[in-house]
Amino acid sequence: MNTKLQQRKGFTIIEVVLVLAIAALIILMVFIAWPALQRTQRDQARKSDVALIGSTISTFKSNNRGRLPNICELNQLVFRQGTSIYQAVDCARGGAVTGSNIITQATVADGDAAVGIEQVIVVPGGRCDGNNVRTGGSPRQAALAFAVEANGTPMRQCQEV
């Protein structure tokens, strides 16, 4: 008689626990990285929308002898092209701009453009000083103030047009 040991097929409990631990670590890394990835995507969308708004203002200025568009004209032009975040305004009712995330702010205390995370503030006659908006630019000049999410907190940005 041959007394061979029978070999069992299957996994040991240690192998199963090891595979589950590795899977748990991978899932944990995904959950940690996911919010940062979403923030980055939202920031890229904001910057793209601000670039669209800036180019729309520049095009309007070149077609209208250097005149800046008012908020209703700007909204109509921008939303024909489409943006991913900002809401349009209803200017048909006497130029009401409630509900818009594109705001024209004619006066700004130097360096103080209180901007929300989903807003773009257009400052006619403004210029950028780093990430701050300054007044004193020419009447045909404008600054766009907006915010991006830096580690979960809004960080002000500025772009001249």
Side-chain angles (χ1 to χ4, degrees), residues 4-61 68-69 71-91 96-105 108-124 126-135 137 141-161:
K4 285 187 179 178
L5 292 174
Q6 272 189 335
Q7 291 184 345
R8 294 185 186 175
K9 294 182 181 180
F11 298 106
T12 65
I13 191 74
I14 294 174
E15 291 170 332
V16 172
V17 168
L18 185 63
V19 168
L20 289 175
I22 291 171
L25 281 174
I26 291 171
I27 290 172
L28 180 65
M29 288 189 305
V30 167
F31 279 124
I32 290 172
W34 187 254
L37 179 63
Q38 288 178 322
R39 272 194 304 270
T40 302
Q41 289 175 334
R42 286 191 301 263
D43 287 346
Q44 288 174 346
R46 283 185 195 97
K47 289 178 181 180
S48 172
D49 288 344
V50 168
L52 174 70
I53 293 166
S55 67
T56 301
I57 292 172
S58 294
T59 303
F60 185 90
K61 284 184 353 181
L68 291 172
I71 188 67
C72 291
E73 292 168 331
L74 179 59
N75 270 279
Q76 289 171 358
L77 293 169
V78 166
F79 293 103
R80 281 187 202 146
Q81 298 175 28
T83 61
S84 61
I85 296 174
Y86 303 100
Q87 301 171 6
V89 300
D90 182 14
C91 291
V97 293
T98 56
S100 176
N101 290 337
I102 299 177
I103 301 166
T104 299
Q105 190 169 344
V108 168
D110 275 350
D112 182 38
V115 59
I117 200 69
E118 291 188 0
Q119 293 179 332
V120 175
I121 297 178
V122 180
V123 182
R127 56 185 173 80
C128 294
D129 181 17
N131 289 331
N132 294 317
V133 178
R134 300 284 184 218
T135 56
Q141 185 177 357
L144 303 175
F146 63 102
V148 294
E149 297 174 71
N151 298 324
T153 59
M155 185 174 93
R156 186 186 340 207
Q157 299 283 307
C158 184
Q159 179 177 329
E160 288 182 4
V161 181

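What you see is a predicted model; the values in this text were computed from it and never measured. All values below come from the heavy atoms of this structure, side chains included, with hydrogens, waters and symmetry mates left out.
- Counting non-hydrogen atoms of other residues, nucleotides and ligands closer than 6.0 Å to CG of Leu20 gives a total above 12.
- In this structure, Phe146 CZ and Met155 CE are separated by 9.0 Å, a value rounded to the nearest 0.5 Å.
- Here CG of Asn132 is found 10.5 Å from CD of Gln157. Values are rounded to the nearest 0.5 Å.
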Apply the test side chain to side chain contact (heavy atoms under 4.5 Å, CB included) to residues Lys47 and Gln44: give CA-CA distance (whole Å), side-chain angles for both, the deciding distance (0.1 Å), then the verdict.
CA-CA 5 Å; Lys47 289 178 181 180; Gln44 288 174 346; 5.8 Å; no
Start with the C-alpha distance between Glu149 and Arg46, add both sets of side-chain angles, then the distance that settles side chain to side chain contact (heavy atoms under 4.5 Å, CB included), and finish with yes or no.
CA-CA 10 Å; Glu149 297 174 71; Arg46 283 185 195 97; 3.3 Å; yes
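- Here the shortest heavy-atom pairing between Ala143 and Cys158 reads CB-SG, 4.1 Å.
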Under the side chain to side chain contact (heavy atoms under 4.5 Å, CB included) criterion, do Val120 and Asp49 qualify, and how do the steps go?
CA-CA 9 Å; Val120 175; Asp49 288 344; 6.0 Å; no
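- Considering CG of Leu68 and CD of Gln141, their distance stands at 9.5 Å, rounded to 0.5 Å.
- The backbone N or O of Leu144 lies less than 3.5 Å from no partner atom in the side chain of Gln159, so there is not a single donor-acceptor pair.
- With rounding to the nearest 0.5 angstrom, the CD1 atom of Ile57 is 10.0 Å from the CG atom of Leu52.
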